[in-house]
Amino acid sequence: MSGLASASSLFLVASGLTVIFGVTRIVNFAHGSFYMLGAYLAWTLVTVLPRGHLGFWGGVLAAALIVGVIGVLIEVLLLRRIYKAPELFQLLATFGVVLIVQDLALLIWGPQDLLGPRAPGLRGATEVLGVRFPLYELFLIAVGPVVLGLLWLLFHRTRWGTLVRAATADREMVGALGVNQRMLFTTVFFLGSILAGLGGALQLPRESVNLQMDLAVIAEAFVVVVVGGLGSLPGAFLAAMLIGQMQAFGILIFPKITLVLAFLVMAAVLVVRPHGLLGRPPSSAHVAQAVEPPLEATPGWGRWLLLALLALAVLVPPFLGDFALIVFTEIAIMVLFAASLHFIMGPGGMASFGHAAYFGLGAYGAALLVKHFAAPMELGLVGAPFAAGLAGVVFGWFCVRLSGVYAAMLTLAFAQIAWSAAFQWVELTGGDNGILGVWPSAWAQPKLVFYYLTLALCVAATLLLRRAIFAPFGYALRAGRDSPLRAEAIGMDGFHIRWAAFTLAAVAAGIAGGLFAYSKGSVFPTYMAIPRSVDALLMVLLGGVQTVSGPIVGALAYTWIHEQLMRLFDLWRLLLGTVILLLVLFFPQGLAGVARRRG
């Protein structure tokens, strides 16, 4: 019954995400922020306002409505301007909103956890099958089916609902029939935001309100939406029930697995049913898209600029201090990390939400050799890409069979499985205590020497990836991206080409991870956590997916901006989110793409 209560709460959030994605096709990363705002606003309306003004239930409903209005403002002011941008740029924009909301919440409510009151009339417990069970949990169990029923009536018994279902099935045809898509998208976003805000507000009696609520819930909500099938409300309800029960029984039977159980379920479902439990393959209208222009070599002025940057990277460091050398070393590693993700995103057309898994496995590959075998750095730097490449072979065999959001979420599932293993396999990895003492060999311990070693390896690996892009292998990879049926018709084995590309990208990320481990002297599970994968996505998207130099420019810009903002400002997330939004609005092709056009 506890699992049913949790599943019902999760369905409220996932249903809003399902409705929004079904119509607008936006992967709304900010949906978790709406959930968090619903909880904070409900706490304010219930505890701060004088008693009798709204009461508990009035405060919960008012908080949900306010979140709905905030969602409308974000849709009108931001998302409406980028509906025609690539889907991943829309994801980048919503992540910028996440960063802004996090710091605004910190500024308004502070960093401390906030405890809300119990729900009036539901404060006690009742006996169910000889066991006392909280009344509020029983109430939550009923909320999910009630909301599902109301949504079914709304979508099947109203004209607006019919338009929403039609837009979910074929958005372009609905627009061709004269329906005001802008108004339809805005009302859908309003409804989805209300559901997220309501889900957060109803958690007030169950848990403390804190700044980590958004990222904690959005990952599980994405899992529910994908497992159920994108755009399917019954599928989301079924998936929420399944995951809620699996987690409840996991706590009883195998507690250690609960951290990753939802992602294990998602991986298993997507392997067997690539479009979710009740999802359908996307219609031709959704599959059809403009063929992206072929990647071109960096123009002459761009090559001279990159050579100038490389010359500065070689000549300037001897005159800098240790801190600058540490920053330069990290920038070189991030360039390779971003280039490895770009290799499968740009030429391969395969988005990955879990690329940090191979970065982290590379770091652990080197660290485990040091910890258990006292291996020198030279052997560790060989073990790093080997460990990451082995994971790329295994995970890639499943991931490259899918496409779009389903493939991206499967990469996230495998990354979370790897993170959970590193976090909980204490005997091997040290758990959250990590592995310490991962230092370079004596000859490479001076920071300047290690920097030059890192620069040489990262530049060589990045150039190798670039060579692969313009080799026959890269052209075959792009052919499979732009027209898979034609590529297969002329004899190309699309699956094995994508699989090889996925493995090569994992190997390159493993090299970056191994170097990162020796630069920090330690390895922790956070190296393969979701925020690290998001960093890689941000670097690639900021630079430009459809440019070869994009990941280099994006890594330089993002690492420098991130470092400067963290050092100079307490509310650095607010400023970074604002910078991201400005870049998305005014430079949708990425920094390198804009430079190419103006050049």
Side-chain angles (χ1 to χ4, degrees), residues 306-343 356 358-371 373-389 434-468 504-524 527-528 532 535-536 539 551-552 555-556 558-560 563:
L306 291 176
L307 286 174
L309 290 174
L310 181 59
L312 288 174
V314 172
L315 299 175
V316 172
F319 305 99
L320 301 177
D322 286 349
F323 178 76
L325 286 174
I326 293 172
V327 173
F328 272 50
T329 301
E330 185 167 342
I331 288 176
I333 293 170
M334 290 301 112
V335 166
L336 176 56
F337 185 32
S340 67
L341 177 58
H342 171 266
F343 185 72
Y358 314 104
F359 182 87
L361 287 169
Y364 270 102
L368 290 174
L369 287 173
V370 172
K371 178 180 179 180
F373 302 100
M377 179 191 71
E378 294 80 1
L379 184 58
L381 290 179
V382 174
F386 178 81
I435 300 176
L436 306 179
V438 187
W439 300 113
S441 298
W443 65 270
Q445 285 185 1
K447 288 183 171 53
L448 184 62
V449 175
F450 186 78
Y451 164 72
Y452 280 128
L453 172 66
T454 301
L455 181 67
L457 291 177
C458 290
V459 168
T462 302
L463 291 176
L464 207 68
L465 291 174
R466 182 190 180 280
R467 178 69 186 91
L504 181 58
V507 168
I511 295 173
L515 290 168
F516 194 74
Y518 284 106
S519 70
K520 298 298 182 182
S522 56
V523 177
F524 297 96
Y527 288 10
M528 61 180 78
R532 181 70 63 182
D535 286 345
M539 289 185 283
I552 301 174
L556 292 171
Y558 178 76
T559 307
W560 182 82
E563 176 64 33

**Message:** Using every non-hydrogen atom in the two residues, find where Ala324 and Leu320 come nearest and quote the distance to one decimal.
**Reply:** CB-CB, 3.7 Å
**Request:** Write down the atom of Pro440, the atom of Gln445, and the distance for their closest heavy-atom approach.
**Result:** O-NE2, 3.2 Å
**Asked** Does NZ or CZ of Arg532 come closer than 6.0 Å to the centre of the six-membered ring of Phe337, within 45° of the ring's axis?
**Response** no
**Complete:** Distance col, row Lys447:NZ vs Ile326:CD1, nearest 0.5 angstrom, shows 5.0 Å
**Message:** Can you pull out every salt bridge (charged side-chain N to carboxylate O under 4.0 Å, His left out) where at least one residue sits in residues 309-328? Sequence neighbours excluded, please.
**Reply:** none
**Asked** CZ/Phe359 to CD1/Ile333 distance, rounded to the nearest 0.5 angstrom?
**Response** 6.5 Å
**Prompt:** If you round to the nearest 0.5 Å, how far is CG of Leu336 from CE of Met334?
**Reply:** 9.0 Å
**Request:** For residues Ser340 and Ala505, report the shortest heavy-atom separation together with the two atoms involved.
**Result:** O-CB, 3.2 Å
**Asked** Applying salt bridge (charged side-chain N to carboxylate O under 4.0 Å, His left out), which residue pairs with at least one partner in residues 329-342 are found, sequence neighbours left out?
**Response** Glu330-Lys520
**Which atom of Ala366 lies closest to which atom of Tyr518, heavy atoms considered** = CB-CE1, 3.7 Å
**Complete:** Here the gap from Asp535 atom CG to Leu341 atom CG, rounded to the nearest 0.5 Å, amounts to 11.5 Å
**Asked** Quick one: side-chain hydrogen bond (donor to acceptor under 3.5 Å, both in side chains) pairs with a partner in residues 375-384, sequence neighbours left out?
**Response** Glu378-Ser441, Glu378-Trp443
**Request:** Could you pull out the closest heavy-atom pair between Ala367 and Val438, with the gap in Å?
**Result:** CB-CG2, 3.8 Å
**Asked** Quick one: side-chain contact (heavy atoms from CB on, under 4.5 Å) partners of Leu436, sequence neighbours excluded?
**Response** Ser522, Phe524
**Asked** Is the closest side-chain heavy-atom distance between Leu556 and Leu309 below 4.5 Å?
**Response** yes
**Fill in**
Closest non-hydrogen atoms of Met528 and Gly360, given as atom of the first, atom of the second and distance, are CE-C, 3.6 Å
**Request:** Starting at CZ of Phe373, measure out to CG of Leu368 and round the result to the nearest 0.5 Å.
**Result:** 8.5 Å
N/O donor to acceptor pairs below 3.5 angstrom from side-chain atoms of residues 448-465, sequence neighbours left out:
from: Tyr451; atom 1: OH; to: Ala313; atom 2: O; distance (Å): 2.6
from: Tyr452; atom 1: OH; to: Val314; atom 2: O; distance (Å): 2.5
from: Thr454; atom 1: OG1; to: Phe450; atom 2: O; distance (Å): 2.9
from: Thr462; atom 1: OG1; to: Cys458; atom 2: O; distance (Å): 2.7

**Request:** Report yes if the side chains of Leu312 and Phe328 come closer than 4.5 Å at any heavy-atom pair, otherwise no.
**Result:** no
Under 3.5 Å, side-chain donor or acceptor atoms of residues 380-388 against the rest of the protein: list the pairs with distances, not counting sequence neighbours.
none

